[in-house]
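Chain A is the first sequence line, chain B the second, and so forth, proteins listed ahead of strands; every chain is numbered from 1. Please read these numbers as outputs of a predicted model, since none were measured by experiment.
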Amino acid sequence: MKSYLFAFLALVLTTGTLSAQSRYMTRTGTITFFSHTPIEDIEATNNQVSSILDAGSGDMVFAVLMKSFQFEKALMQEHFNEKYVESDKFPKAQFKGSLTNLDAIDFGKPGTYPAQVTGKLTIHGVTQDVETEGTIVVTEGGVQAQAKFPITLADYDISIPAVVRDNIAKVVDITVEMNYDAMNP
Amino acid sequence: MFRLAPLLLFCVALLLHLPVVAQDDLMDLLEDMEEETTDYTIATFKTVRLVNGHSIELPAPGVLQLIIAHRFGRVNGGAYEFFGLDQANMRLGFEYGLSNHLAVGVGRTNLRKTYDAFVKYKLLRQSTGKRVMPVTVAGLSTISANTLRWANPDRPNYFSSRLSFVHQLLIARKFSDRLSLQLMPTMVHRNLVATAREANDVFMVGAGGRFKVSGSVTINAEYYYPLPGQLAPGIFHPLSIGVDIETGGHVFQLIFSNSRSMTDDLYLTQTDGLWELGDIHFGFNLMRVFTASKKAHLK
């Protein structure tokens, strides 16, 4: 009876310490995409990406409002939303994934750690598996995450009209920069 | 019974330790934390003109919009007139977006050697989400000056006699990706009219819309109904049909209309063709945008 109680108390006491400090989040993460062709370079930046990183499980989720991508030219932005990613039908892109080398990252100790991430990326209503390498920087009170990976537009059923086919790359580079804060439990 | 209680407690405590937070739950948590935003409707129409008249669209801030427009003679002129292409009217226009809500423009057409200028301002923007607004509403005010030499130079002539004004409220709703409709209550004021039978102030109501055929092609139509008894005999209701073809930075608008004019006051009050008689003018608007200021729209 006494041993039961002891075990129970020990378990209850440890739950708090395990889950409290393990989540990080941001609402102002940055995702940039870059398309390079001999004719022109197109870049768009979204500074309103929200994301949660669970350091306990290694899980990461991202939500990206497509209309928040800012282009250099207003017409590009309109075509991007209206014709290519169809933001009215598919307002958000999502990523659900996890760190596969969680053991190699010590969220309790400031430092720079290489990170491996796999997961499912949904853009334009199409979900594809994504695997990439990045960096996790642990600082006092926060975590930064960076990654860069290419995506092929055709994989996400994003079709580019013939007249601008030479202006838009078939494969665009996605850069992710997150500056997480510790989340209050 | 008494012995089961600690066992149950133990199980509950153990459950707290399980990694119950899967990615889906984390995503739900993320969505719960997001603040609701206002989603403004974009691309109600492909460009700043519906057919002859204005649409609720403004050039984006910092964007210079060039319009080169032609209207040819009547299609029923037959092969002798090359189906109207032997006669051409043209208008050259520039428009500029000052903000998300304000644009200005100027133009010149050879018909009556008319200069025109306008200011267009967005009063409401269609939106969903945090702020719901069913329609976009824009106001348009134009002024135009006919600069032909006076027909009768010997009598006293006033510059004010050359001026006409158009005031419109443009009310549009994008019903779906394909269908957008627009209503245009309109008032035209002409300082000088040819005969006493014609009204200086002409009240009209217009309706139009677009249907998107494919990502880059829409079919547009526009019609104006003037209240009876305001216009001269032989002046008819302007009805225009257009096809918008978008190619990157250009929009080509191919137009069939019973009006030969491209200036607002003229197509509204001087349309002298009848569709049923084949008095149809073919024409086009060539729309091209230039990004004059890259920073302006990012604000």
Check the orientation of A:H124 and A:F90. Use parallel for under 30°, tilted for 30 to 60°, and perpendicular for over 60°.
perpendicular

At a heavy-atom distance under 4.5 Å, which candidate from A:K67, A:K89, A:E86, A:M60 has the highest pair count against chain B?
A:K67

Side-chain donor or acceptor of B:Q253 paired with backbone N/O of B:R49 under 3.5 Å:
yes

Region of A:V61 that comes under 4.5 Å of a non-hydrogen atom in chain B:
both

By a 4.5 Å heavy-atom criterion (distance strictly below it), what part of A:M76 contacts chain B: side chain, backbone, both, or neither?
neither

Interface moiety of A:F62 toward chain B, non-hydrogen atoms closer than 4.5 Å
backbone

Parallel under 30°, tilted from 30 to 60°, perpendicular over 60°: which one fits the rings of A:F69 and A:F80?
perpendicular

Heavy atoms only, distances under 4.5 angstrom: which of B:T128, B:V289, B:I42 has the most pairs with chain A? Name it, please.
B:I42

Residue set satisfying salt bridge (Lys or Arg N to Asp or Glu O under 4.0 Å) with B:D177, at least two apart, ordered chain then number -> B:K212

Can you confirm whether or not the ring centre of B:H101 sits under 6.0 Å from the ring centre of B:Y121?
no

Pair count under 4.5 Å, heavy atoms only, with chain B: among A:S68, A:G97, A:P161, highest is A:G97

A:S98 versus chain B, heavy atoms under 4.5 Å apart: side chain, backbone, both or neither?
both

Under 4.5 Å from a heavy atom of chain B, the part of A:K83 involved
side chain

Near-ring test A:F33/A:F71, centroid separation under 6.0 angstrom:
yes

Chain B contact via A:L75 - side chain, backbone, both or neither, heavy atoms under 4.5 Å
side chain

Between chain A and each of B:E31, B:M33, B:E35, count heavy-atom pairs under 4.5 Å; write down the option with the most.
B:M33

